[in-house]
Trainee: 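Take a look at the following structure, please.
Just follow the structure's listing: the first ligand is 1, and inside any ligand the first atom is 1.
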Amino acid sequence: MCGIVGYVGKFDCVDFLVQGLRRLEYRGYDSSGIVTVNKSGGMHVAKAAGRIDKLVAKLAQTEMSGKLGVGHTRWATHGPATDVNSHPHVGGDGLLAVVHNGVIENFRPLKQRLEAAGYCFRSATDTEVVAHLIASYWELELAAQPDLTPKSMAAQGYEPLVRAVRASLQKLHGTYGLAVVFRDYPDVIIAAKLGSPLVVGVGDGEHFLASDPSPLVGGTDKIVYLDDHEIAVITADSLRVLHRDLGEKHADVQTLATNTIEVDMAGYEHFMLKEIFEQPDTLRNTMRGRLKPDEATAHFGGLNLTAKELRSVRRIVLTGCGTSWHAGLVGEYLIEELARIPVEVEYASELRYRNPPLDDGTLVFAITQSGETADTLAAMREMKRMGHMTLAISNVVGSSIAKEAHGGIYLHAGPEIGVASTKAFTSQCAALTMLALYLGRMRHLSPVQGAQIIEQLQALPDKVNAALECDAVVRRIAEKYAHCRTFLYLGRQFNFPAALEGALKLKEISYIHAEGYPAAEMKHGPIALVDSETPSVFIVPQGAVFDKVISNMEEIKARGGPVIAITCSEGAKAIGALADDIIEIPTVADFLQPIITAIPTQLLAYYIALERGCDVDKPRNLAKSVTVE
Ligand code: F6R
């Protein structure tokens, strides 16, 4: 979703801001803008709806410069994607400018009050309210001290500006990651966070600001993660962090691990393709150091629960959104089968408003790639409030969900830039498999069974590598069916969530309507959709329900529907001419099949989207990190 980047230091910041915005593109956006403040010429704003190139074209017409500036990519919530609604928003007739991520829930009453006080609104956004609100408090400060120069302001530690920002924040309901710059003070950025991530990069005579670490690549690896309710006062040479209500805090400077900032495409045409092909390595990274063959179990460093506590778990709730929810469904099959603990999988957006009767032995896992998804965070908080242990399975280190959970499992899959989640999904499934093994070995799984599961997990990255060899076949199939307007994805047992995930991938990036179903359920309605232009993708590797799925395939064929089968070599022989197209994948145990079958479904979505000329890494209307409700 929206992204923020900022700089104050010794160099001109315009190029850095534009490059930083490009690094944030993956989060999803529909407009962008920057503001600079300089000692000689005051404050300048440029903004444009559409891709960042539109902003760059506008910048080429101006002479914007400055050693302090902030930029923003907007994902529309209040008001359409237009130049006017883009950030930065100017407050108080040009006194200051604000960029903002998040949603201000009480913006209407605030707007009415500010309009009545004479502030003139130009946009339909909630952010403009923040800009005028801060301006209104800032004007009160100015009235008390009209002669504040940049020098005297610095001598006061920017306290008058902080007071104006703090007073405004206390009036806001909702979420924000925001940055404020002031026309008359070209050496300070004030940033604040509540429910929307912000980091400050610490350089030598310069500081950076961003909504995630990616824009800091090449600038610094020293980083401060702001916490909720914190305000940062940032100049070239100083960083002051304070709690909105409680005063000064220590700025905890951490060193960013290099793998979290590797964000180039490594020669691939798209991030999504790179991330699909990275999966043998990302799975190795997820499993590294966690498999314990000598004890025939898995081991996690950060669960923060004792063996006794884990043994007393009687029910597990897995929650998340989108692809992470699908991984949760895989987890349900895994944990119930391997650990025999009842599992419920809940959409986080529903769980946060439900009041489920959960007893004391309930353990909640929030599953999330970004660690910032607003619904997942809210569901987790609600579960915590009800007194349940909540753990996170997340990819982004230091993310809000990871920080707020009692403990958890990091995926270590590296940054996922493509908006459609690929490697995070397979790593989530691998983490859940290890978790099921760990919980199972505390219960009824024998050492022999545990050792077999470990062997299968260790072999998994090579199997994924082998699965990736279907690339050329999938590409040809994609060319054949890219014109179709509806697809069905069908699978059973472990491959039912795989079918849902395959359909979601196709929808997201190719804009083709696709539905995932348990294969047998198809008879109860969706079969009405079947015709010669509606392909059915059967995810039917092998196993107990193989023959049943073949019968479902017959039913589709009998109605003239094209059949694409994803299956192992034995399965391919059995299916024969029943399928119009076959994608062969290696054989693995049934509980690992969703990881292997994800590969051809990801590639199929990718090549169909490519064939249709879609913007694979930045699909329309979607955001990488959904930080609004
Ligand atoms: C699908 C996709 C989304 C996310 C969902 C949750 O490809 O990317 O459906 O899975 O928005 O995001 P996280 O996992 O970051 O909580």
Trainee: Does any N or O in the side chain of Lys423 come within less than 3.5 Å of the main-chain N or O of Ala413, such that one atom is a donor and the other an acceptor?
Mentor: yes
Trainee: From the options Gly322, Gly371, Ser421, Cys321, select the one whose nearest heavy atom is closest to atom 6 (C) of ligand 1.
Mentor: Cys321
Trainee: Taking the side chain as every heavy atom from C-beta outward, state whether Val5 and Arg23 have any pair of such atoms under 4.5 Å apart.
Mentor: no
Trainee: Within a distance under 4.0 Å of any heavy atom of Ser370, pick out the atoms of ligand 1 and give their elements.
Mentor: 13 (P), 15 (O), 16 (O)
Trainee: Distance to 0.1 Å, residue and atom name: give those for the protein heavy atom nearest to atom 10 (O) of ligand 1.
Mentor: Thr323 N, 3.1 Å
Trainee: Is any side-chain heavy atom of His406 closer than 4.5 Å to a side-chain heavy atom of Asn304?
Mentor: no
Trainee: Can you confirm whether Met383 sits close enough to Thr319 that some side-chain heavy atom of one is under 4.5 Å from a side-chain heavy atom of the other?
Mentor: no
Trainee: Report, in ascending order of atom number, the atoms of ligand 1 lying under 4.0 Å from any heavy atom of Gln369.
Mentor: 13 (P), 14 (O), 15 (O), 16 (O)
Trainee: With heavy atoms of Lys505 as the reference, note each atom of ligand 1 found under 4.0 Å away.
Mentor: 1 (C), 7 (O)
Trainee: Which of the atoms of ligand 1 are close to Ser324, meaning less than 4.0 Å from one of its heavy atoms?
Mentor: 10 (O), 13 (P), 14 (O)
Trainee: As an exercise, identify every atom of ligand 1 less than 4.0 angstrom from a heavy atom of Ala420.
Mentor: 7 (O)
Trainee: So, do Phe591 and Tyr333 sit near enough that their side-chain heavy atoms are less than 4.5 Å apart?
Mentor: no
Trainee: Write out the residue and atom name of the closest protein heavy atom to atom 11 (O) of ligand 1, then the distance separating them to 0.1 Å.
Mentor: Val626 CG2, 3.9 Å
Trainee: Among all protein heavy atoms, pick out the one at the shortest distance from atom 16 (O) of ligand 1; state its residue, atom name and that distance to 0.1 Å.
Mentor: Thr373 OG1, 2.4 Å
Trainee: Using a heavy-atom cut-off of under 4.0 Å, does the side chain or the backbone of Glu372 touch ligand 1, or both, or neither?
Mentor: neither
Trainee: When you measure from atom 8 (O) of ligand 1 to every protein heavy atom, which one gives the shortest distance, and what is it?
Mentor: Val419 O, 3.2 Å
Trainee: Which atoms of ligand 1 sit under 4.0 Å from any heavy atom of Glu508?
Mentor: 1 (C), 2 (C), 7 (O), 8 (O)
Trainee: Any salt bridge linking Arg476 with Glu479? Criterion: basic side-chain nitrogen under 4.0 Å from a carboxylate oxygen.
Mentor: no
Trainee: Can you tell me which residue among Glu275, His326, Glu416, Gln369 is in a side-chain hydrogen bond (donor to acceptor under 3.5 Å, both in side chains) with Ser421?
Mentor: Glu416
Trainee: Taking the side chain as everything from C-beta on, heavy atoms only, tell me whether Val364 gets closer than 4.5 Å to Glu344.
Mentor: no
